Amino acid sequence: MTDPGTGTGPPPGAIVHAEGLTKTHHGDRAPVHAVRGVDLTVREGEFVAVTGPSGAGKSTLLHLVGGLERPDSGRLWIAGERADGHDEARWAVLRRRGIGVVFQFFNLVSHLTVADNVELPALLAGAGPRAARAARTGLLAELGLTGRENALPGALSGGEQQRVALARALVNRPALLLADEPAGSLDSRGARDVLRLLGRFHARGQTILMVTHDARTASAADRVISFFDGRIADDTTLGGPAPTRPGVTGVLRLDD
Ligand SMILES: Nc1ncnc2c1ncn2[C@@H]1O[C@H](COP(=O)(O)OP(=O)(O)OP(=O)(O)O)[C@@H](O)[C@H]1O
């Protein structure tokens, strides 16, 4: 891959640092320049929303950061480690540093119970069954899902499914939580609950990078990046409480 080598590398405390990140999609029509030389730093504890019109390249940017797609050029660091290499090296960094992802349509495994969906990433990461169960139990309690452990995803509301997906994304205590339109398929109550939960995890130090086309959803973040035609058009830090302490612990109550 091309390495422009022009940047300065990640500053201290950067969870995401990208320099000149570029991605062109080659479908069956003309090439689409989805991300065009993006420089981006997300510091530990930030809640950043990337917003912009359909086709602006928001999801492609999120996929590049999350290792779901590989950049054509540019450099990417996750928690200080280069993460833009060939597939094996990229996955090794992402596994070590930990990235959790929530998608618009939850992407739960339909034939696994809630408990198994949430425990699966912990078991894949090498946790023993007891540790995986303890992590799952704590998170489901925090997310108001105690009693739903044995349900299959299809028996849950959209809001409940997204909370299960959130538990799954957080079970390995990732350095970074990526959220792609996390409220996009929910009714207004489900959307409000999920955004409130994201806000509370953020208040406890969770770093979050969220993509949304919706300005109201974006306002849950404390920094809003406007993306247009593959580039950052605006980057605004909003007011709001600073994270109180790192780590995701304690009990969240939806009705607070
Ligand atoms: N795998 C792909 N193959 C070809 N073109 C793609 C691919 N993925 C995305 N694109 C194109 O790249 C551009 C950016 O897409 P992307 O999904 O990143 O934008 P977006 O801002 O997230 O849009 P939306 O809000 O509609 O999801 C669009 O023109 C899209 O059609």
Side-chain angles (χ1 to χ4, degrees), residues 1-2 15-42 46-78 83-87 90-91 94 99-108 158-159 161-162 165-166 169 174 176-188 190-192 194-195 198 207-238:
M1 80 184 284
T2 314
I15 295 295
V16 178
H17 183 73
E19 295 176 359
L21 219 53
T22 298
K23 180 73 182 178
T24 298
H25 293 296
H26 298 278
D28 37 2
R29 288 175 289 155
V32 179
H33 303 291
V35 173
R36 304 173 183 238
V38 166
D39 297 335
L40 172 68
T41 300
V42 177
E46 278 192 307
F47 184 176
V48 179
V50 178
T51 190
S54 180
K58 308 180 296 294
S59 292
T60 303
L61 178 66
L62 199 84
H63 291 172
L64 293 178
V65 170
L68 305 174
E69 295 186 61
R70 189 181 164 199
D72 298 325
S73 62
R75 302 194 292 177
L76 173 70
W77 287 259
I78 299 294
D84 50 38
H86 63 85
D87 286 356
R90 196 167 81 241
W91 283 116
L94 297 171
I99 291 189
V101 190
V102 281
F103 299 96
Q104 178 172 359
F105 296 106
F106 328 129
N107 294 23
L108 298 171
Q161 289 189 61
Q162 193 60 304
L166 191 52
L176 175 66
L177 176 67
L178 298 175
D180 194 350
E181 300 283 5
S185 61
L186 303 179
D187 62 20
S188 57
R192 204 176 54 235
V194 162
L195 293 175
L198 288 178
T207 309
I208 304 175
L209 180 61
M210 172 176 75
V211 157
T212 178
H213 69 281
D214 177 51
R216 259 187 42 197
T217 300
S219 68
D222 54 12
R223 178 177 158 205
V224 177
I225 290 173
S226 300
F227 213 64
F228 186 74
D229 199 18
R231 294 191 178 93
I232 293 176
D234 187 58
D235 187 343
T236 302
T237 299
L238 311 171

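Sequential numbering from 1 along the given sequence is applied to the chain's residues. Everything quoted here is computed from the prediction, not taken from an experiment. In listed order, ligands and their atoms are each counted from 1. The basis for the numbers below is simple: all heavy atoms, side chains too, and nothing from hydrogens, waters or symmetry mates.
No donor-acceptor pair under 3.5 Å is formed between the side chain of Glu181 and the backbone N or O of Met210. Using a distance-only test at 3.5 Å, with no hydrogens or angles considered, no donor-acceptor pair links the side chain of Lys23 to the main chain of Val32. In this structure, Thr237 contributes its side chain and Arg223 its backbone to no donor-acceptor pair below 3.5 Å. A donor-acceptor distance shorter than 3.5 angstrom exists from the side chain of Lys58 to the backbone of Gly52, with no hydrogens or angles considered. The backbone N or O of Gln104 sits less than 3.5 Å from a side-chain atom of Ser185, completing a donor-acceptor pair. Of the possible donor and acceptor atoms, none in the side chain of Ser226 sits under 3.5 Å from a partner among the backbone N and O of Val224.
Considering only non-hydrogen protein atoms, atom 26 (O) of ligand 1 sits nearest to Ser54 OG, 2.6 Å. Closest protein heavy atom to atom 10 (N) of ligand 1: His25 CD2, 3.3 Å. For atom 27 (O) of ligand 1, the closest non-hydrogen atom on the protein side is Ser59 OG, 3.9 Å.
Inside a 4.0 Å radius of atom 30 (C) of ligand 1 there is not any protein heavy atom. Counting protein heavy atoms under 4.0 angstrom from atom 5 (N) of ligand 1 gives one or more.
Taking every heavy atom of Val32 and a limit of under 4.0 angstrom, the matching atoms of ligand 1 come to 11 (C), 12 (O), 13 (C), 29 (O). Short contacts between ligand 1 and Pro53, defined as distances under 4.0 Å to a heavy atom of the residue, involve ligand atoms 21 (O). Listed by atom number, the atoms of ligand 1 under 4.0 Å from Gly57 heavy atoms are 14 (C), 16 (P), 18 (O), 19 (O), 20 (P), 21 (O).
Of the polar atoms of His213, none of the N or O atoms is found under 3.5 Å from an N or O of ligand 1, judged by distance alone. At least one N or O atom of Thr60, backbone or side chain, sits closer than 3.5 Å to an N or O atom of ligand 1. Note: an N/O pair closer than 3.5 Å links Gly55 and ligand 1 by distance alone.
If you look at Lys58 next to ligand 1, the close heavy atoms, those under 4.0 Å, come from the backbone and the side chain alike.
The line from CZ of Phe106 to CG of Leu166 is 12.0 Å long, rounded to the nearest 0.5 Å.
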Please walk me through it: do Leu178 and Ile99 pass side-chain contact (heavy atoms from CB on, under 4.5 Å)? CA-CA 7 Å; Leu178 298 175; Ile99 291 189; 3.6 Å; yes
